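These notes are about the structure you will find just below.
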Amino acid sequence: MPLHLIFFTLLLYLHIPASSAATDTILAGQTLGVNDKLISSNGRYALGFFETSRKSSGSTPNWYLGIWFNTVPKFTSAWVANRDKPIKNSTSLELAISHDGNLAILNRSSKSIMWSTQASITRNSTTAVLLSSGNFILANSLNLSEVFWQSFDHPTDTFFPGAKLGWDKVTGINRRLVSSKNSISPASGIYCTEIDPSGINQFWLAPLNSLVPYWSSGVWNGKYFASIPEMAAHSIFSSIFVSNDQEKYYTYNLEDETMVTRQVHDVSGRSKLFIWLKGSQDWVMIYAQPKAQCDVYAICGPFTICNDNALQYCDCMEGFTITSPEDWELEDRTGGCSRNTPLDCNISNKSTTHTTDKFYPVPCVKPPHNARKVEEAASTSKCAQACLNNCSCTAYSFSNSGCSIWNNELLNMRQLQCGGATNSNEETIYLRLSAKDIKSLKNNRGGFVIRIAIGTGFSALGLFSLFLLLMIWRNKRKSSDLILNGAQGSNGIIAFRYTVLQGATKKFTDQLGAGSFGSVYKGFINDSIAVAVKRLDGAYQGEKQFRAEVSSIGAVQHINLVKLIGFSCEGSKRLLVYEYMSNRSLDIHLFRNNSTILSWTGRYQIALGVARGLAYLHESCRDCIIHCDIKPENILIDASFTPKIADFGMAKLLERDFSRVLTTMRGTAGYLAPEWISGVAITPKVDVYSYGMVLLEIISGRRNSCTSCPGGGNADVYFPVHAAHKILEGDVGCLVDHILHGDVNLDEAELACKVACWCIQDDELDRPTMGQVVQILEGLVETTMPPIPRLLQAMAGSSHSTRS
Ligand SMILES: *[C@@H]1O[C@H](CO)[C@@H](O)[C@H](O)[C@H]1NC(C)=O
Ligand SMILES: *[C@@H]1O[C@H](CO)[C@@H](O)[C@H](O)[C@H]1NC(C)=O
Ligand SMILES: *[C@@H]1O[C@H](CO)[C@@H](O)[C@H](O)[C@H]1NC(C)=O
Ligand SMILES: *[C@@H]1O[C@H](CO)[C@@H](O)[C@H](O)[C@H]1NC(C)=O
Ligand SMILES: *[C@@H]1O[C@H](CO)[C@@H](O)[C@H](O)[C@H]1NC(C)=O
Ligand SMILES: *[C@@H]1O[C@H](CO)[C@@H](O)[C@H](O)[C@H]1NC(C)=O
Ligand SMILES: *[C@@H]1O[C@H](CO)[C@@H](O)[C@H](O)[C@H]1NC(C)=O
């Protein structure tokens, strides 16, 4: 999902055709110049010349003849005549009906034909018309039903309502969608949507000209395709599948003609459905297949790892770098990644048995399919040797099922969550690298050879928004002003009218809490969907920047982060709309006697979930986000007791004014790292510190700052210091919440205590990263005994040392 935001904004269209008297027809003898356009009689589509160019490079622009959405101000092409034959110079370019009756792009000065419909014309006089459906036809002038050529027979990447996907068995035409090459060029890319050529009544998504799909619709059952039962559930479309002697195709129509939709097989290899929301002036993606980006075949190219839980889902394998950063930037990742250092046996040409190449473990991955089994290699070392023996071998793995080796390019390697119960096909792959690369990797990572794994979370992406949008759409007529500005960005963040949120929250009466930045109220959208609406206090930045920040916060999605679903921005009012968490915040479960008791397992899962959420914010997002205000009040708990971090990205909304953040956070000083006070630069390690403090509270069930808590036997000692001493003494049992009555996994408790103590070290360099915390809590990495945090010790005075 990441880059689709900028997919079309990168398109530069220097020329916006100035319409003379708008017409939808070209008659024989008439021409359409570079600055003219045809407009369909319903005003929905326009046809003309447009250009694209890379923003930065000084390359000459490419010119195309195409159809775009005329009512959509953000230029979005839907069909291109000459996608693989761009025209370099627009001088004397024109569209006209040539002598043979075909429609052609001509060079007026040289009289050369640059593109033509190349149909066999059986009439002397033809006419071209842009129909209201978006179909551009060339027909007999005297009888427009006699069509010689139509753009619907030559689709590019967009599936128009009313167009057919499939075969005309009489003419042999196969209408299929082919994705674009990259995010600015409409040239043919590598993915294709087509009706299953093997004869099953379904359509599929596959690499171009491949017979192995990476997603298929399931068989048509008369109403919908088996894998898309959602089709039956909502009434945006009516779908038709036809199979007879003459043709076999799938088509659909919009139930609501006023709706502007766009169904496209885009560069990311996914088939996506967008709705144009007028007020917001933007496309909102409401549906995509396949659901997981990494299901798309070879989406990241060779020698990459695809990770559905990272915002940038493609990454190079260790020891490799992006082959063409320029193409990668434009979402064309066919070049993948290349080796930093060639393999030894390839350069030295010496006897393969003495190669210096080494192996680098990549844990928790789903390996490429095309493994070759080596039956005779019965141990890891023999398997490694089998790989070293062949210069084209690039990786091996050894598991219960024996030795597998891979030759040449590695495609479709996928990151899985380490230890994930559902991932039975999780393996460690040993990647062959030159000795030099192995060495530099070891130096870089301080011996850490385990990649960061993050919780699953993306599967639900967008579904909530889809649901919400459909609800809104259904009620459109009775509440047409529910959405002020539709939605912002294709990540599905909805812009609400202020009055709607005012109504939804019953004029902000049901207050859920008050935080550093404003108060939070419960509300119901469309009387049915519970949401939490946050009303921001004080003066904030202008509307445009606010929208940009909201959009970037909305793009950050993870199972352990509270999802932003919308906002409102009218005048000086700024509201944020979040998913509602039925189990409120962590402090209620930890510190209030009247709520249910959190079990040890529950606590450990919460600690792990919060660590994963923070690791995601710090390490996996496009811009590293420092939360700055981790405390139990900002950790919300959903119905299934999954922890979700709230209020991330607030520092950005405050224009990165950290001093303001600091002053507003004085109240939560117990969680503040020493560097907030000393004034050095703030790094993600401030969150690690706060996390350590929260972790101690999760273990003990009492506030660290509480000096007179009932129940604890050491009430006069600052708890974190007390805890650090007990850890050294090897006695963590006494630190765990007494309310659990010893029903505790002591190994986990010891691990959690050590982690907490490492996190609250004075020097940020001594603290682990959140990624390391996750690994330690997951038991993947061992940890050593932490020292006593000196600063805290000093703050707590000598009371403890005299006691112990
Ligand atoms: C059209 O022909 C002229 C003269 O031959 C040439 O200079 C111009 O570049 C051509 N235009 C295109 C679009 O090829
Ligand atoms: C296009 O062709 C015309 C005429 O040949 C020439 O004057 C002009 O410089 C060319 N433009 C570009 C961008 O090459
Ligand atoms: C086209 O016109 C020519 C004369 O102008 C006539 O001889 C011929 O039959 C016409 N062809 C068709 C297909 O109408
Ligand atoms: C127009 O063309 C259609 C399709 O070829 C044909 O069925 C119809 O009879 C024609 N109408 C006239 C008036 O010739
Ligand atoms: C590598 O070895 C092969 C066979 O021994 C030989 O044909 C080839 O020329 C050698 N290449 C180089 C670059 O030494
Ligand atoms: C290396 O493996 C490839 C692919 O299996 C095979 O074609 C080739 O013959 C092997 N080379 C050697 C030296 O075994
Ligand atoms: C060996 O080098 C050649 C060219 O330098 C390259 O095409 C080939 O892919 C390399 N083989 C391996 C296994 O790296």
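Note that ligands are numbered from 1 as they come in the structure, with each ligand's atoms numbered from 1 the same way. Values in this document were obtained by computation on a predicted structure and should not be read as measured data.
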Quick check on atom 2 (O) of ligand 4 - does any protein heavy atom sit closer than 4.0 Å to it? yes

Test: R262 cationic atom under 6.0 Å from W283 six-membered ring centre, within 45° of axis: yes

Ionic contact status for D295 with R414, cut-off 4.0 Å: yes

E194/R175 salt bridge by N-O under 4.0 Å criterion: no

For atom 14 (O) of ligand 4, which candidate among N143, N140, V147 holds the nearest heavy atom? N143

Side chains of Q289 and K272: closer than 4.5 Å at any heavy-atom pair? no

Identity and separation of the nearest protein heavy atom to atom 4 (C) of ligand 4: S145 O, 3.9 Å

